Amino acid sequence: MNKILRIDTKQKGFSYSEPETRLALMGGRALTSRIVMDEVPPTCHPLSADNKIIIAPGLLSGTTAANSGRLSIGAKSPLTGGIKESNAGGLVSQKLARLGIKAIILEDKPEGDDYSLIHITKDGVKFIPADDLVGMTNSEVITTLWERFGEKVGVACIGPAGEQRLTGASIQLADPKGNPGRAAGRGGLGAVMGSKKIKAMVIDDAGCERVKPANKEAFSGVAKKWAKLLTSHPVSGQGLPAFGTAILVNVVNEAGGMPTKNFRTGRFDKAENISGELMAELIEKRGGIIKEGCHPGCVIKCSQAYHDKNGDYLTSGFEYETIWAFGAHCLIDDLDAIAEMDRLCDDIGVDTIDTGVAIGIAMEGGLIEWGDKAGAIDLVNKIRTGDPMGKIIGNGAAFTGQALGVDRIPVVKKQALPAYDPRAVKGVGVTYATTPMGADHTAGYGVCQNILKVGGDVDALKKEGNIDVSKNLQVATAVLDAAGLCIFVAFPVLDSEDGFGMIVDMLNARYGVNLTADDVLAIGINTLETEKAFNRAAGFTKHDDRLPAMFKENLEPHNVTWDFTDEELDSTLNFG
Amino acid sequence: MEIEIKLFATLRPYLKGLSREGHLDVPDETTVADIVEILQLPAEQVRLVFVNGRHASREHILNPGDRVGIFPPVGGG
C-alpha cells in the first residue's frame with residue numbers, strides 16, 4: 001500500500017517503490033512540491049526531459065471523508081518558470097488512493113513524435129499507442145476512452161493546446177459524467193504532459209478495495225461530523241449548491257472589486273447579464289442541472305450542467321473566474337458566449353483564467369474590439385488549429401501582451417491575475433503577489449474575510465490586517481491541498497471552532513498517528529518553504545513577489561490603490 | 001429620501017411590489033435594519049450588506065441616494 005509509481009516515458013517502463021519515511025505524512029500538494037524540489041533541477045527547461053509531472057491524491061482521498069477527492073498535479077511550470085501545483089476534482093484522486101498509489105512520477109521524455117496512452121490498473125501500467133487520439137479535443141478523448149475502458153474510469157488528458165506545448169495548456173480531468181469539466185488549469189502543466197508525449201492517462205481501480213483507515217471507528221465518527229459541518233454551514237450548505245461560484249459576479253461587483261476592462265474600474269455596469277442569478281435561471285429554464293459535485297463524495301456541489309439555447313449540454317464547472325475573465329475583463333455581457341468559450345477552453349485544454357485575460361489583452365492591443373464576443377470566440381478557436389494567432393493567445397496573458405506591445409499586463413510571475421481587483425480586495429492581492437504559484441486566488445483566498453465575512457472581518461480597502469489574512473490562509477490552504485480537501489471546506493472550517501480539529505482527527509484516524517493541530521499546520525508551512533526554496537533556486541527573487549506597476553493607478557468606485565510596501569510583502573511568508 | 005435597493009440571490013423576490021425600479025422612498029435617518037424590516041426580509045438570510053460598495057452594519061444610517069446591496073450567505077472562488 002501507498003507506493004510511489006515511477007513511469008519512464010522514454011523507455012515506456014514503470015516501477016513501484018516504497019516511499020521514504022519522511023514522505024509518509026505527505027500527500028497532495030505537500031508531496032508534489034516535495035518531489036519536484038527533490039528531483040527536478042530548478043534551472044531545467046520545463047519542457048525538457050529533466051522536468052517531471054507528479055500526480056498525488058490527498059492524504060484523505062479515497063476515504064469516506066466528504067469533499068476529500070481533490071488531486072494535486074505538480075511540476076516546474078512552463079508558464080511561470082517556478083514550481084507549480086495545480087489542483088483539480090474529477091475521479092483520479094480517489095482511484096489512485098484505492099490503487100494504493102501515493103504518487104505517480106512521470107519522468108523523462110521520448111525522442112520521437114509518437115503519443116502514448118498510459119493505462120493504470122491494479123495489475124500494473126501499460127503504454128498504448130495513442131496516435132488515434134492525437135488532435136482530439138478533451139471531450140472526444142474522454143468519450144473514446146470511456147467506450148474503450150468502461151464508463152467511470154478516471155481520465156487525465158490533454159487537448160490540442162497541450163500537444164502544441166503552449167504555456168496556457170491545462171490537464172483536463174473527466175468529471176463524474178464524463179465531461180472534461182475539471183481542470184488542472186493553471187501554470188501550463190498540459191504542455192509538460194505534451195512534451196512527454198502522453199495524450200491521456202486512464203486510471204481504473206476495478207478490483208480494489210476501499211481505503212481502510214487505521215482506526216476505522218474513530219474515522220467514521222469524525223467523518224460523520226465533518227459531513228454535517230459542511231452541509232450545515234450556510235455558504236457550503238446553501239449558497240454554493242444553489243448558485244455555484246458565479247454568485248460572486250454580483251457580490252464582487254457590488255463591493256467594487258470586479259476588475260473591468262483590463263483592471264480599469266471595479267464595477268461592470270452589465271454585471272447582471274453575466275450573474276449567477278441569471279445562470280441559475282437559464283439552467284432551470286433550459287433543463288440543465290443546478291448542482292453537481294466535481295467528484296464522488298462531494299456534498300457541496302458547486303458545479304452544474306449549463307445548457308445552450310436549444311437545451312443541449314454546453315458546459316459544466318462554469319466558474320466565476322471564467323465568467324469574469326471572458327466577461328467583465330473583456331466587456332462581454334453575454335453568458336451564452338462566455339459558456340461557449342468555457343467549453344472551448346475545456347475541449348482545447350487551456351486555462352480559462354489565463355486565456356480569458358489574454359483575450360482582454362488582445363482587445364487592449366487592438367487585435368479585436370472591446371466586447372467583441374464573436375471575435376473572442378474566433379480567437380479561442382484558433383488555439384485548436386495551431387494558427388499562429390491561436391498560439392499567441394494559448395501561451396497566456398503575459399505572452400499575448402508582449403506579442404502585441406501592450407503595457408497593461410496583469411500578471412505576477414507571468415501568471416494572469418484572477419477575478420478580484422487587488423486594490424479593492426487587498427487580502428487576496430497580497431496572495432497574488434507572494435504565493436510561490438504566481439497570481440492565484442486559491443492559494444490564499446482573502447476574499448473570505450474581505451468580502452464574504454467568513455472566518456473574520458478585515459477591511460478589504462485598507463492594508464491593516466491583510467498581510468496576516470493572506471499568510472494564515474496560505475498556510476491553511478496548503479494544508480487542505482495536502483489533505484486532498486476541496487478549498488470550499490474553508491468556509492465552514494473558518495467559521496467553526498471544531499472544524500480544523502476534525503481535519504486533524506481524520507488524519508490521525510486514517511494513519512494511526514497522533515498529530516497535533518500545530519503538526520498539521522507545519523505541513524502547510526513546510527510546503528510553502530519548499531516551494532519558495534525551489535523558486536529561489538530557479539532564479540526568483542523578492543522582486544518577483546510584486547504586482548505590476550499598473551496597480552498604482554487609482555481604482556473606482558472606491559478610489560483605492562495598491563499601497564503595500566516591499567517590506568510588508570516580503571514579511572508575508574517569512575516564517576522565521 | 002430615495003435610496004437604491006439591490007437584492008440578490010434568494011432575496012431577489014422580496015423586491016417585488018415594494019419599490020419601483022429598485023428605488024425606495026424612506027424617512028430620513030432610516031437604518032439598514034429598518035430596510036430589512038420594511039422589505040420583510042428573513043433575518044437569517046440577510047448576511048452581507050453593502051452601502052455604496054462598503055460593508056455596513058444593521059445600525060448604519062442611510063443617506064439620500066445611497067446604493068444598498070443585500071445578499072444571503074453566498075461564497076465561491
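Quick caveat: nothing in here was measured; it's all calculated off a predicted structure. Just so we're on the same page: letters track the sequence lines, and every chain starts at 1.
In this structure, A/Glu284 places its CD atom where only 12 or fewer heavy-atom neighbours from other residues, nucleotides or ligands lie under 6.0 Å away. Other residues, nucleotides and ligands contribute only 12 or fewer heavy atoms inside 6.0 Å of the NZ atom of A/Lys270. The 12-atom threshold is exceeded at NZ of A/Lys463, counting heavy atoms of other residues, nucleotides or ligands nearer than 6.0 Å.
Neither the backbone nor the side chain of A/Val447 comes within contact range of chain B; no heavy atoms are under 4.5 Å apart. For chain B, the nearby part of A/Glu272 is the side chain; its heavy atoms alone come within less than 4.5 Å. Of the two parts of B/Glu44, neither the backbone nor the side chain holds a non-hydrogen atom closer than 4.5 Å to a non-hydrogen atom of chain A. Proximity to chain A (any heavy atom under 4.5 Å) is shown, for B/Arg54, by both the backbone and the side chain. At a 4.5 Å heavy-atom cutoff, A/Ile487 makes no contact with chain B through either its backbone or its side chain. The part of A/His441 that comes within reach of chain B is its side chain, from C-beta onward, which places non-hydrogen atoms under 4.5 angstrom from that chain. Within the 4.5 angstrom heavy-atom criterion, no atom of A/Tyr320 approaches chain B.
The side-chain heavy atoms of B/Phe50 and A/Ile451, taken from C-beta on, include a pair separated by under 4.5 Å. Side chains of A/Asn253 and B/Lys6 form no contact here, defined as non-hydrogen atoms less than 4.5 Å apart. Side-chain contact check for A/Val235 versus B/Val74: every heavy-atom pair is 4.5 Å or farther apart. The shortest distance between side-chain heavy atoms of B/Phe8 and A/Ile247 does not fall below 4.5 Å.
The main-chain N or O of B/Gly53 is never found under 3.5 Å from a side-chain atom of A/Glu254 such that the two would form a donor-acceptor pair. For B/His55 (side chain) and A/Asp459 (main-chain N/O), no donor-acceptor pair under 3.5 Å exists by modelled atom type.
Residue B/Arg47 comes nearest to A/Asp495 through the heavy atom pair NH2-OD2, 3.4 Å, listed as atom of the first residue, atom of the second, then distance. The two atoms that bring B/Arg12 and A/Asn250 nearest to each other are NH2-ND2, 3.8 Å, heavy atoms only.
Ranked by heavy-atom pairs under 4.5 Å with chain B, the first of A/Asp457, A/Leu240, A/Val428 is A/Leu240.
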Output, in order, the C-alpha distance, side-chain angles, deciding distance and verdict of side chain to side chain contact (heavy atoms under 4.5 Å, CB included) for A/Leu452 and B/Leu48.
-> CA-CA 7 Å; A/Leu452 303 172; B/Leu48 296 173; 4.3 Å; yes
Go through A/Gln238 and B/Gln45 one step at a time and tell me if the side chain to side chain contact (heavy atoms under 4.5 Å, CB included) criterion holds.
-> CA-CA 11 Å; A/Gln238 297 163 35; B/Gln45 284 291 307; 3.6 Å; yes
